[in-house]
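As the structure is a computational prediction, the values presented were derived from the model and not from experiment.
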Amino acid sequence: MNLRRDVFQAIADPTRRSILMLVATQSMTAGAIASNFDTARPTVSRHLQILTECELLSQEQNGREMIYHLNPNKMKEIANFIEPFRKMWDDRFNTLESVMKNYKA
């Protein structure tokens with residue numbers, strides 16, 4: 001059975017979110033990424049595999065090392081999906097703020 005990776009399941013994991021934050025600032029090797037975590041390197045490699053399968057990261061072979069890059073197009077897709085919800089909550093909080101101003105003494 002071939003399971004398709006879901007980007008929202010991928011970014012639900014705090015370690016994977018941390019990896020995305022690291023790689024967002026600069027492309028990095030797996031070893032450089034792993035050095036930022038207190039977990040075993042195979043564990044970080046598994047996280048990198050999931051992020052790559054979801055197309056949040058891309059890989060580039062550089063000699064013996066694999067360089068990981070953030071995929072901004074996939075991140076943009078996620079942001080576009082979330083944007084209507086952010087706007088909805090902003091509108092609700094603004095309405096609540098207006099109501100609460102009427103109750104201040």
Side-chain angles (χ1 to χ4, degrees):
M1 180 177 192
N2 188 11
L3 296 176
R4 184 168 185 255
R5 297 273 181 210
D6 179 88
V7 293
F8 291 101
Q9 289 175 335
I11 62 174
D13 184 277
T15 301
R16 290 193 282 269
R17 288 194 309 268
S18 295
I19 290 170
L20 290 171
M21 295 297 292
L22 279 171
V23 179
T25 58
Q26 68 178 28
S27 298
M28 302 175 82
T29 64
I33 293 167
S35 70
N36 288 277
F37 298 94
D38 291 331
T39 58
R41 186 168 174 165
T43 303
V44 173
S45 292
R46 181 71 180 137
H47 287 302
L48 290 170
Q49 178 184 5
I50 291 168
L51 291 168
T52 302
E53 288 174 7
C54 291
E55 299 176 355
L56 292 167
L57 293 179
S58 61
Q59 300 174 327
E60 174 190 0
Q61 187 80 34
N62 185 7
R64 294 184 327 159
E65 295 186 311
M66 190 68 69
I67 309 292
Y68 290 88
H69 309 277
L70 185 71
N71 180 353
N73 293 329
K74 195 64 163 185
M75 297 301 291
K76 180 73 171 147
E77 285 179 32
I78 295 168
N80 289 343
F81 176 81
I82 293 172
E83 180 59 25
F85 300 101
R86 187 197 60 77
K87 182 175 178 348
M88 176 191 68
W89 282 108
D90 281 349
D91 292 345
R92 288 183 179 187
F93 284 125
N94 289 338
T95 301
L96 177 61
E97 184 178 30
S98 296
V99 169
M100 295 305 294
K101 284 180 182 178
N102 291 333
Y103 288 103
K104 283 189 175 179

Main-chain N/O of G63 paired to Q61 side chain as donor or acceptor, under 3.5 Å: yes

Test item: R17 side-chain N/O and I11 main-chain N/O as donor-acceptor pair under 3.5 Å: yes

Looking at every non-hydrogen atom in both residues, tell me the closest pair between [X] and [Y] and how far apart they are.
| X | Y | answer |
| --- | --- | --- |
| A10 | I50 | CB-CG2, 4.0 Å |
| L48 | A30 | CD1-CB, 3.8 Å |
| M66 | Q59 | SD-CB, 3.5 Å |
| I33 | L22 | O-CD1, 4.3 Å |

Residues which pass side-chain hydrogen bond (donor to acceptor under 3.5 Å, both in side chains) with E60, listed by chain and number, not counting sequence neighbours: H69

Rounded distance [0.5 Å steps], [atom1] in [X] versus [atom2] in [Y]:
| X | Y | atom1 | atom2 | result |
| --- | --- | --- | --- | --- |
| S58 | Y68 | OG | OH | 10.0 Å |
| K76 | F81 | NZ | CZ | 14.5 Å |
| D91 | L96 | CG | CG | 12.5 Å |
| N71 | L51 | CG | CG | 11.0 Å |
| R46 | T15 | CZ | OG1 | 13.5 Å |

Test side-chain contact (heavy atoms from CB on, under 4.5 Å) applied to M28 and N36, step by step: CA-CA 11 Å; M28 302 175 82; N36 288 277; 3.9 Å; yes

Side chain to side chain, L57 and I19, heavy atoms closer than 4.5 Å: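 The answer is yes; the side chains approach within 4.5 Å.
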
Working for side-chain contact (heavy atoms from CB on, under 4.5 Å), residues M75 and L56: CA-CA 7 Å; M75 297 301 291; L56 292 167; 3.6 Å; yes

More than 12 heavy atoms from other groups under 6.0 Å of CE on M88: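 Yes, enclosed.
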
Connected via hydrophobic side-chain network under 4.5 Å: F93 and V99: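 Cluster IDs for F93 and V99 differ.
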
Salt bridge (Lys or Arg N to Asp or Glu O under 4.0 Å) partners for D38, two or more places apart: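 D38: no salt bridge (Lys or Arg N to Asp or Glu O under 4.0 Å) contacts found.
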
Residues which pass ring pair (Phe, Tyr, Trp, His ring centres under 6.0 Å) with F37, listed by chain and number, not counting sequence neighbours: none

